[in-house]
Novice: 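Dropping a structure here in structure tokens format, bear with me for questions.
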Number of protein chains: 2
Amino acid sequence: MRKPTIIDLAKAAGVSPTTISHAFSGRRKVDPETRERIVALADKMGYRPNQAAQRLRSGRTGTIGLASSMPFAVAAGPSRLGFLMEIAASAAMTALTRDMALCLVPTSPGRNLDNLGFDGVIVVEPARDEPLIRYFEGRHTPIVSIGKVPARPDIPAIDLHSAQTARLLLGHLFDAGSRRIGLITGRQRRTSYEETETVYAEFSAAHAMPAIALSLDENGGEELAEREAAKLLQRHPRLDGLLVTVDALATGTMTALSHLGLRVPDNVRLATRYDGMRAQLAQPQLTAVDLHLDLVARLAVETLLARIEGQDAAFTTPCPDLIARPSSVG
Amino acid sequence: MRKPTIIDLAKAAGVSPTTISHAFSGRRKVDPETRERIVALADKMGYRPNQAAQRLRSGRTGTIGLASSMPFAVAAGPSRLGFLMEIAASAAMTALTRDMALCLVPTSPGRNLDNLGFDGVIVVEPARDEPLIRYFEGRHTPIVSIGKVPARPDIPAIDLHSAQTARLLLGHLFDAGSRRIGLITGRQRRTSYEETETVYAEFSAAHAMPAIALSLDENGGEELAEREAAKLLQRHPRLDGLLVTVDALATGTMTALSHLGLRVPDNVRLATRYDGMRAQLAQPQLTAVDLHLDLVARLAVETLLARIEGQDAAFTTPCPDLIARPSSVG
DNA sequence: CTTCTTTAGCAAAACGTTTTGCGTATTACC
DNA sequence: GGTAATACGCAAAACGTTTTGCTAAAGAAG
């Protein structure tokens, strides 16, 4: 009454275990007729290859990690919750269809991670000199990054097209009428921030706008943004547009604006990047960008699996789409 | 240069693999001195037991599932995102410290789940006659529920103390001055809703209030709540308090109130249950309850692991704490 | 009619643990 | 001093796959 093994199946089918294995894996030719008989019988008997055995033999763990550069407490807290978890949910589903388990990896690479060897790992928006990257590279664990790894074009990544995103948002603010647009990014050196800053510099120059940029520690959250945005606006009272790339910083900025008696979008147009719950719940709702994170996550998993198997798969990655909301269009 | 195995370690230590195994597992006596020598050497050589081998031998998969009764698309969408993911993050960390991987399980039990055998599964707030429960029971997979399983006191569960939560919130609204309190719950038959409804009925009777209760489909989200709450308020214009147990329904209700020209908390005091991003970002912020989900999740994992090992661990589960916010106290 | 190639399949050796049954010493008991 | 109990340790058999030769039969090529 216990689960049938490959040997039970082999006996029932009148072939050797080898043939069963080959029939399933396709690593060697098996008479199509035999194969068909085997799979039918397997189905009937409820045979499923034992994963532990497969993994022992193949040296794989069957687990891939999803690691965020932020401490989990922060990433899972309100601040980045949506971003990471949207990815997690989609990645988990994709992984499951390939018989892989997706494991959420707490940061602080420590002894704990050594035990559980991952076949590969997905790193979410790593910063420059990310410890996670160093850690997994040291262990020869295949890595795929969501968002390019700064200064490491050699590491496969699903591009989030942050330059394009920045162009979309800045162009949108400009088209809506803003002529003095400020920028607030996160302080860590992630690709998305860096590309945004570059595009912003170009954009300002091209449109003869002063470049008024500020970067804040993401962990500071809304409160920090509120304080610093207030200072910024006092220094630059003629600002009439703001691109704030982190949603928590954007809502903090909104609070600052309202305290200063400035109205959104009438006095200042506001836009952010990630279209999460924060952007959607803000009053007024925040203009943002659809990054297609579900698709991004799926591609990340597929790229990683290909990489684990030694292939080099390249996918076209989705382009961001603008979602205009009342925070920028009256 | 490859990872050392138990045999390498045995040779280096001058003992048999058996002794190594016993030294680590403690399943038989090993001379303390020998054991010490072994662990020191293991540490130096970087030996880690191969999990696949352990699992093959022991018949475990080393994976536990986290399943939500809601379709993942909904649970991972804005609606229940916080609730499920707060649990996921904490559970993942706890699992990892025990060398277990936590796997997010998409709903719709299908063939895919059969492949990946879980050692056990955590089910989040199951409804009455939950298909997930049936599915895993059919496979003899140990289950621990977060929130009691309706009509199934035999299934171990981490109690969310929904009756106590309801008493806290209703008492709070009453103390704040509300004398005609309405109730909006979700339509599925989850323990938290059922207990809340029972407490509400008692509370109304005890305080000679009319019982005005409504239950809505959780998947309807804010829009549904907005429509239905508006109708409710038109039928019962003297309502001065509302307990809405699902956060998305609560914010929808808030919108309805504002459209009707009713002010929160001046005209109607509002409270919800789960203190997630929604409650915190709402304007005004929503009174809610701290369910201590991180602790709940940890207990769930530990209870499940104990159960997998055949023990019957019982923990004291955390009690909810009220978080009073402007939506109920002027 | 050789010789070579392809096809379909098998036997046996891994993979790295844990477990079980046995031996030895050593200590304890009468 | 005999016997029992205890402590420590080892050898070998699992666990259920995949992989690597190898064989036998059947075509193909000359």
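Throughout, a chain's letter reflects where its sequence line sits, starting with A, and its residues are numbered from 1. Only this structure's heavy atoms are used, side chains among them; waters, hydrogens and symmetry mates stay out. What you see is a predicted model, and the numbers here were worked out from it, not measured in a lab.
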Novice: Calculate the interatomic distance between A:Ile20 atom CD1 and D:dT18 atom C1'; express it in whole Å.
Specialist: 13 Å
Novice: From C:dG16, D:dT19, D:dG16, pick the nucleotide closest to the side chain of A:Thr5?
Specialist: D:dG16
Novice: In whole angstrom, give the distance that lies between atom CZ of B:Arg28 and atom C1' of D:dC10.
Specialist: 10 Å
Novice: Between B:Ser16 and B:Ser58, name the one whose nearest nucleotide on DNA chain D is closer to the 5' end.
Specialist: B:Ser16
Novice: Taking atom C1' of D:dT19 as reference, at what distance in whole Å does atom CZ of A:Phe24 sit?
Specialist: 17 Å
Novice: Hey, is the main chain of B:Gly62 close enough, under 3.5 Å, to the side chain of B:Asp119 for a donor-acceptor pair?
Specialist: yes
Novice: Nearest to the A:Asn50 side chain among C:dG9, D:dG16, D:dG9, which nucleotide is it?
Specialist: D:dG16
Novice: Between the base of C:dT18 and the side chain of B:Arg57, is there a donor and acceptor pair under 3.5 angstrom?
Specialist: yes
Novice: Would you classify A:Ser21 as touching base, sugar-phosphate or nothing, given that sugar-phosphate means primed atoms plus P, OP1 and OP2, and contacts are heavy atoms under 4.0 Å?
Specialist: base
Novice: Under 4.0 Å, heavy atoms only, any strand: does A:Tyr47 hit a base, just the sugar-phosphate, or nothing?
Specialist: sugar-phosphate
Novice: I need the NE2-P distance between A:His22 and D:dT17, as an integer number of Å.
Specialist: 14 Å
Novice: Donor-acceptor pair under 3.5 Å: do we get one between A:Thr34's side chain and the base of C:dA8?
Specialist: no
Novice: Nearest of C:dC10, D:dG9, C:dT17 to any side-chain atom of B:Ala53?
Specialist: C:dT17
Novice: Just checking B:Glu137: does its CD atom have more than 12 heavy atoms from other residues, nucleotides or ligands closer to it than 6.0 angstrom?
Specialist: yes
Novice: Distance criterion of 3.5 Å, no angle test: do you see the side chain of B:Thr18 paired donor-to-acceptor with the base of D:dA11?
Specialist: yes
Novice: Give the nucleotide from the list D:dT17, C:dC10, D:dC10 with an atom nearest to the side chain of A:Pro49.
Specialist: D:dT17
Novice: Could you give the CD1-to-P distance, from A:Ile7 to C:dA11, as a whole number of Å?
Specialist: 11 Å
Novice: Considering only heavy atoms from C-beta outward, does the side chain of A:Thr5 approach that of A:Asn50 to under 4.5 Å?
Specialist: no
Novice: Before accepting this row, confirm whether a basic side-chain N of the pair B:Glu218/B:Arg190 lies closer than 4.0 Å to the acidic partner's carboxylate O.
Specialist: yes
Novice: What integer distance in Å separates A:Arg48:CZ from D:dC15:P?
Specialist: 22 Å
Novice: Mapping A:Leu56 and A:Gly14 onto DNA chain C by nearest heavy atom, which one lands closer to the 5' end?
Specialist: A:Gly14
Novice: Have a look at B:Pro318 and tell me which of B:Leu295, B:Asp159, B:Leu293 forms a side-chain contact (heavy atoms from CB on, under 4.5 Å) with it.
Specialist: B:Leu295
Novice: When the distance from CZ of A:Arg27 to P of D:dG21 is rounded to whole Å, what number comes out?
Specialist: 14 Å
Novice: Whole angstrom is fine here: how far is it from CZ in B:Arg55 over to C1' in C:dT19?
Specialist: 19 Å
